[in-house]
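To start, the structure itself, in structure tokens.
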Amino acid sequence: MMDMEFDASGNLMVVDVDQARITVVDPSGNLVETHRVPGATQIMPGTFHPGHWTVMPESSARDDTLWVSRAREDPIYLATPAALGSPKSLAAEGWATNLADGGAVVHFRWSSKIVVLDSSGRVRTIFDGIEPLSFPEVVQDVEPPPRMNATSMRVTRMDPKAVTATLTLSVHASRIYVFFAGATDHAWRMVDTYRMDGGYLGTYLLPHRARDAVVLSNGQLATLETQLIPTVRIWKLDELP
């Protein structure tokens with residue numbers, strides 16, 4: 001399993017990467033439908049292209065793809081914005097958080113760039129985190145032999161010295177909270193806050209290194225620490241150091 005989202009009817013949509021399927025179940029857990037969607041990693045808002053399964057691809061025949069809508073007809077692709085400066089295949093190394101207004105925010109494992117999409121899937125704004133990191137170079141891009149017909153075997157490898165940038169991202173009260181790894185003395189301790197237009201609002205500095213951090217629906221921050229004993233902590237944002 002890679003991603004879960006609710007559709008407009010309250011059904012739960014689940015992306016199963018291993019089975020290359022999107023499965024839909026109703027609020028009671030009953031199967032509604034299932035579809036084969038190879039290469040999907042995350043479900044994007046249905047407003048992007050109504051009637052299609054709109055997903056972020058794990059890999060694509062088109063290396064400039066940010067997301068793709070699939071239906072019975074040919075897929076519809078949205079090209080990665082040139083302003084991202086993303087080299088081959090790195091757009092797929094991204095994650096998205098869907099917004100209540102039908103848009104989405106996309107962040108990347110190896111870059112501090114954040115992309116805000118509107119309800120049609122078009123780019124509304126692109127901005128950098130407070131510690132700008134460029135996408136690293138691709139050092140190996142391997143395709144399976146044609147006779148194997150196995151696109152899932154495609155491998156893209158980045159420069160081993162590449163610095164991990166964003167880790168997770170969440171949205172609350174029209175603010176974007178980014179758990180940022182980076183390469184400073186405060187790495188793995190920073191939760192940056194931005195407006196939807198990219199305006200920087202400040203950084204919360206965690207007292208300990210964490211593996212994950214997300215803002216909950218009540219506005220509190222949940223962090224996961226894995227040093228020694230795995231620990232989940234819940235913070236009020238105004239109480240953070």
Side-chain angles (χ1 to χ4, degrees), residues 1-5 15-18 39-44 54-60 62-68 78-99 104-117 123 125-142 151-171 176-184 186-194 198 200 203 206 209-215 221-226:
M1 185 180 72
M2 183 64 73
D3 188 33
M4 298 184 296
E5 296 289 349
V15 176
D16 186 333
V17 174
D18 292 336
T41 60
Q42 287 197 284
I43 302 173
M44 305 296 276
T54 306
V55 299
M56 287 187 69
E58 180 182 32
S59 60
S60 171
R62 296 173 50 132
D63 295 308
D64 60 352
T65 300
L66 184 63
W67 58 258
V68 56
L78 178 71
T80 300
L84 282 179
S86 168
K88 193 173 184 179
S89 298
L90 275 186
E93 297 292 334
W95 305 99
T97 298
N98 292 352
L99 301 176
V105 183
V106 182
H107 63 105
F108 300 88
R109 179 178 178 185
W110 284 293
S111 173
S112 56
K113 289 191 179 294
I114 309 294
V115 183
V116 182
L117 305 174
V123 174
T125 185
I126 300 174
F127 62 93
D128 264 305
I130 60 172
E131 185 186 7
L133 292 173
S134 301
F135 286 102
E137 293 296 323
V138 175
V139 296
Q140 184 176 3
D141 193 3
V142 180
T151 57
S152 62
M153 289 186 61
R154 180 171 182 164
V155 175
T156 301
R157 295 180 179 174
M158 269 56 64
D159 183 341
K161 297 180 181 179
V163 175
T164 299
T166 56
L167 296 172
T168 54
L169 178 150
S170 53
V171 176
I176 300 171
Y177 295 85
V178 181
F179 180 37
F180 193 74
T184 70
H186 300 314
W188 301 78
R189 294 175 55 199
M190 297 179 293
V191 179
D192 299 339
T193 311
Y194 304 90
Y200 173 63
T203 295
L206 300 172
R209 289 169 62 96
R211 294 293 303 178
D212 205 353
V214 295
V215 176
L221 181 73
T223 61
L224 171 65
E225 300 171 13
T226 57

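Nothing fancy with the numbering, it's 1 onward along the sequence. Source: prediction; values computed, not measured.
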Determine, stepwise, if the pair Phe179 / Met190 fulfils side chain to side chain contact (heavy atoms under 4.5 Å, CB included). CA-CA 6 Å; Phe179 180 37; Met190 297 179 293; 6.0 Å; no
Side chain to side chain contact (heavy atoms under 4.5 Å, CB included) for Asp3 and Thr41? Distances and angles first, verdict last. CA-CA 7 Å; Asp3 188 33; Thr41 60; over 6 Å; no
Output, in order, the C-alpha distance, side-chain angles, deciding distance and verdict of side chain to side chain contact (heavy atoms under 4.5 Å, CB included) for Leu169 and Ile176. CA-CA 7 Å; Leu169 178 150; Ile176 300 171; 3.7 Å; yes
Working for side chain to side chain contact (heavy atoms under 4.5 Å, CB included), residues Trp110 and Val163: CA-CA 6 Å; Trp110 284 293; Val163 175; over 6 Å; no
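Annotation: side chain of Val115 is not in contact with side chain of Val105 (no heavy-atom distance under 4.5 Å). Counting heavy atoms from C-beta outward, Leu117 and Val123 have side chains that approach closer than 4.5 Å. Side-chain contact check for Val106 versus Ile114: every heavy-atom pair is 4.5 Å or farther apart. Residues Trp95 and Met56 have side chains not in contact (no heavy-atom distance under 4.5 Å, counting atoms from C-beta outward). Counting heavy atoms from C-beta on, the side chains of Ile126 and Leu84 come closer than 4.5 Å. With contacts defined as side-chain heavy-atom distances shorter than 4.5 Å, the pair Val171/Tyr177 does not qualify. A 4.5 Å side-chain heavy-atom check between Ser170 and Thr97 finds every atom pair outside the cut-off.
Thr164 and Ala181 make their closest contact through O-CB, 3.3 Å (heavy atoms, listed as atom of the first residue, atom of the second, distance). In terms of heavy atoms, Ala187 sits closest to Gly182 at CB-O, 3.7 Å. Here the shortest heavy-atom pairing between Leu66 and Phe108 reads CD1-CZ, 4.3 Å. Nearest heavy-atom pair across Ala104 and Asn98 is CB-OD1, 4.0 Å. The shortest heavy-atom contact between Thr166 and His107 is OG1-ND1, 3.2 Å.
Checked by atom type and distance alone, the side chain of Thr168 pairs as donor or acceptor with a backbone atom of Ala213 at under 3.5 Å. Looking at Glu137, its side chain never comes within 3.5 Å of a backbone N or O of Asp159 through a donor-acceptor pair. Judged by distance alone, the side chain of Thr193 and the main-chain N or O of Thr203 form no donor-acceptor pair under 3.5 Å. Proximity of a side-chain donor or acceptor of Ser112 to a complementary backbone N or O of Leu133 within less than 3.5 Å is detected. Of the possible donor and acceptor atoms, one in the side chain of Arg189 sits under 3.5 Å from a partner among the backbone N and O of Leu206.
One distance of note links CH2 of Trp188 with CG of Leu167; it measures 5.0 Å at 0.5 Å rounding. Here CD of Glu131 is found 10.5 Å from NE2 of His186. Values are rounded to the nearest 0.5 Å. Rounding to the nearest 0.5 angstrom, the gap separating the CD atom in Gln42 from the CE atom in Met4 is 11.5 Å.
Residues meeting the salt bridge (Lys or Arg N to Asp or Glu O under 4.0 Å) test with Glu5, sequence neighbours left out: none. Considering only residues two or more places apart in sequence or on other chains, Phe127 meets the ring pair (Phe, Tyr, Trp, His ring centres under 6.0 Å) condition with Tyr194. Asp128 pairs by the salt bridge (Lys or Arg N to Asp or Glu O under 4.0 Å) definition with Lys113, not counting sequence neighbours.
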